[in-house]
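In what follows, a structure is listed as structure tokens, so that the remarks can point back to it.
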2 protein chains.
Amino acid sequence: MMEIKREDRRIRQTKEKLRNALAELMKEKGFESIRIHDLTERADINRGTFYLHYKDKYDLLEQNENEIIQDIVHIHEEAKKTEHAKHPRPPSEPASIFVHLFEYLQENSDFIQVLFGKNGHYSFQTKLKTILRENMLKKFLNAQLEKRMLIPIEYFSSYVISAHLGIIQQWVEGGMKESPKEMALIITRITFHQIIAKEEYPALKFEKPFQKESESMYNERDK
Amino acid sequence: MMEIKREDRRIRQTKEKLRNALAELMKEKGFESIRIHDLTERADINRGTFYLHYKDKYDLLEQNENEIIQDIVHIHEEAKKTEHAKHPRPPSEPASIFVHLFEYLQENSDFIQVLFGKNGHYSFQTKLKTILRENMLKKFLNAQLEKRMLIPIEYFSSYVISAHLGIIQQWVEGGMKESPKEMALIITRITFHQIIAKEEYPALKFEKPFQKESESMYNERDK
DNA sequence: AACATTTTGTTCATTAATAAACAAAATGTT
DNA sequence: AACATTTTGTTTATTAATGAACAAAATGTT
């Protein structure tokens with residue numbers, strides 16, 4: 001049984017500082033013109049310390065992107081364990097996976113803005129999309145849901161992942177004004193009212209006009 | 001010639017973290033109920049590290065208060081060297097001592113709010129008042145201004161120092177909404193239009209109605 | 001008041017970060 | 001193109017911070 005060794009706090013703090021410095025500097029001047037000296041000065045650490053943890057600035061970016069991706073995947077997997085118990089869902093209750101997801105995105109908002117923003121980092125989004133899709137495909141195949149789908153699951157998972165990422169991007173570009181819970185509610189309603197089978201995953205049928213619900217949703221947001 | 005050794009950045013960072021933790025916790029629960037564990041947890045440092053720098057929480061508070069005081073005195077002394085060259089002053093230009101002072105107060109706003117706020121730390125304010133007054137008295141005596149004053153300088157310096165601290169406290173209690181420059185302009189006008197001799201420090205004469213200027217000042221703030 | 005639990009203060013061995021120095025590589029200037 | 005300057009990557013000795021452990025002191029519970 002391997003003992004899970006928590007990362008020394010000094011290492012954690014150094015990495016956090018560098019991530020923040022990277023995000024700020026990327027916002028200010030893009031990635032390419034950033035120098036190591038810029039990063040270490042902004043992070044208030046010694047240059048040698050940078051090299052204790054990262055090979056170069058590309059390594060810094062890649063490692064941080066991968067951490068974001070792993071965290072998002074982890075939220076996804078943790079929530080999947082508890083989400084099935086919560087069905088049917090009251091119309092004003094967001095799925096907790098989405099609450100956790102948006103809370104996470106807000107906690108890391110500086111870097112998330114850099115990755116998802118208008119001048120966002122496309123390789124990151126491609127990577128994230130790919131991993132989320134594979135993760136989703138695997139889950140479907142494990143549950144043998146493919147047989148119940150009216151559309152091929154590759155398209156379905158692409159549809160859902162892209163739509164979710166689109167909503168995240170819109171939120172980020174709009175300045176992340178809505179709270180994580182508000183965003184979670186928005187995305188829950190879109191996700192579960194449109195594409196879930198009556199038992200669990202509905203066929204893609206639009207039986208109710210969406211306008212009415214969209215209206216009541218915005219009223220709720222105004223209070 | 002003693003070499004001025006800059007403080008190792010690790011020490012500086014540790015102290016900054018502890019000051020911030022102290023300020024936050026004082027806001028949340030006052031000083032007396034704060035435990036060392038609260039401080040080190042909030043600051044994300046090892047408990048042993050706390051004791052490398054401070055004897056106990058009282059030492060932490062006192063050292064930080066003294067640093068604020070020394071910094072304020074230092075701003076005062078630095079600005080005095082350049083301020084006399086700038087006379088007469090255009091009505092829309094704040095004295096740079098006050099700009100620097102309010103900038104400093106804003107940079108340290110968390111702790112300043114704790115020290116100057118409504119439930120502020122009275123011993124700090126007493127200490128600050130005393131040191132600023134002594135500093136001011138010394139300067140007057142050095143310049144032999146006492147002979148030109150219409151009132152005893154102990155009273156004059158108490159008047160000025162208390163008035164300035166009153167304004168700072170008002171700003172802090174109001175949420176520090178005005179910018180440092182705005183505050184510097186307010187305090188500059190009050191200070192130099194009311195109490196400075198025509199040549200340098202005027203007698204205490206109120207020749208102009210203060211209302212008119214107060215009005216134009218607020219118009220300026222609205223733009 | 002007796003006992004349990006928490007907090008504090010201290011010690012110690014280890015680790016991560018530090019600043020300085022140096023050479024190589026990259027960029028800037030003429 | 002030649003040279004100057006800046007930036008990078010690396011090495012080293014030193015220092016500050018770390019976590020664990022322990023005893024004493026303080027606080028909480030009955």
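The structure displayed is predicted, hence computed values, not measured ones. Per chain, numbering begins at 1; letters A, B, ... match sequence-line order.
Checking side-chain atoms of Trp171(A) against main-chain N and O of Met183(A) turns up no donor-acceptor pair under 3.5 Å. With hydrogens and angles disregarded, a donor-acceptor distance shorter than 3.5 Å links the side chain of Gln169(B) to the backbone of Phe116(B). Side-chain atoms of Asp44(A) do not come within 3.5 Å of backbone N or O of Thr40(A) as any donor-acceptor pair.
Rounded to an integer number of Å, the gap from Glu7(B) CD to dT18(C) P is 14 Å. Arg12(B) places its CZ atom 13 Å from the C1' atom of dA19(C), with the value rounded to the nearest Å. Straight-line distance from the CZ atom of Arg9(A) to the P atom of dA16(C): 14 Å, rounded to whole Å. The interatomic distance linking Leu52(B) (CG) with dT11(C) (P) rounds to 12 Å, in whole Å. Put simply, CD1 on Ile45(A) is 10 Å from P on dA19(C), counting in whole angstrom units. Going from atom CD1 of Ile11(A) over to atom P of dT14(C) covers 17 Å, rounded to whole Å. One can place CZ of Arg6(A) at 12 Å from C1' of dT18(D), the figure rounded to the nearest angstrom. Glu32(A) has its CD atom 11 Å from the P atom of dT27(C), to the nearest Å.
Applying the 3.5 Å distance criterion, the base of dA17(C) shares a donor-acceptor pair with the side chain of Arg10(B). The base of dA16(D) does not come close enough to the side chain of Asp8(B) for any donor and acceptor atom to sit less than 3.5 Å apart.
As the counterpart of dT29(C), dA2(D) is assigned, both hydrogen-bonding distances of the Watson-Crick or G-U wobble pattern falling under 3.5 Å. Across all strands shown, the partner of dG9(C) is dC22(D), judged by Watson-Crick or G-U wobble contacts whose two distances both fall under 3.5 Å.
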Using a cut-off of under 3.5 Å, enumerate the N/O to N/O pairs linking the protein to nucleotides 8-10 of chain C.
residue	atom	partner	partner atom	Å
dT8(C)	OP1	Ile36(B)	N	2.9
dT8(C)	OP2	Ile36(B)	N	3.4
dT8(C)	OP2	His37(B)	N	3.2
dG9(C)	OP2	Tyr51(B)	OH	2.4
dG9(C)	N7	Arg47(B)	NH1	2.6
dG9(C)	O6	Arg47(B)	NH1	3.2
dG9(C)	O6	Arg47(B)	NH2	3.3

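Ring-plane geometry between Phe156(A) and Tyr159(A) is classed as parallel, the angle between the planes falling under 30 degrees on a 0 to 90 degree scale with a further cut at 60.
Residues Arg19(A) and Asp110(A) are not paired through a salt bridge, judged by the lack of any N-O separation under 4.0 Å between the basic side chain and the carboxylate. The pair Lys57(A)-Glu62(A) fails the salt-bridge criterion, with no side-chain N (NZ, NE, NH1 or NH2) lying under 4.0 Å from an Asp/Glu carboxylate O. Salt-bridge formation is detected for the pair Glu7(A)/Lys15(A): a Lys NZ or Arg NE/NH1/NH2 atom is positioned less than 4.0 Å from an Asp or Glu carboxylate oxygen.
Residue His53(A) places at least one side-chain N or O under 4.0 Å from the OP1 or OP2 atom of dA17(C). Between dA17(D) and Thr14(B), a contact under 4.0 Å exists linking OP1 or OP2 to a side-chain N or O. Neither OP1 nor OP2 of dA17(C) sits under 4.0 Å from any side-chain N or O of Asn46(A).
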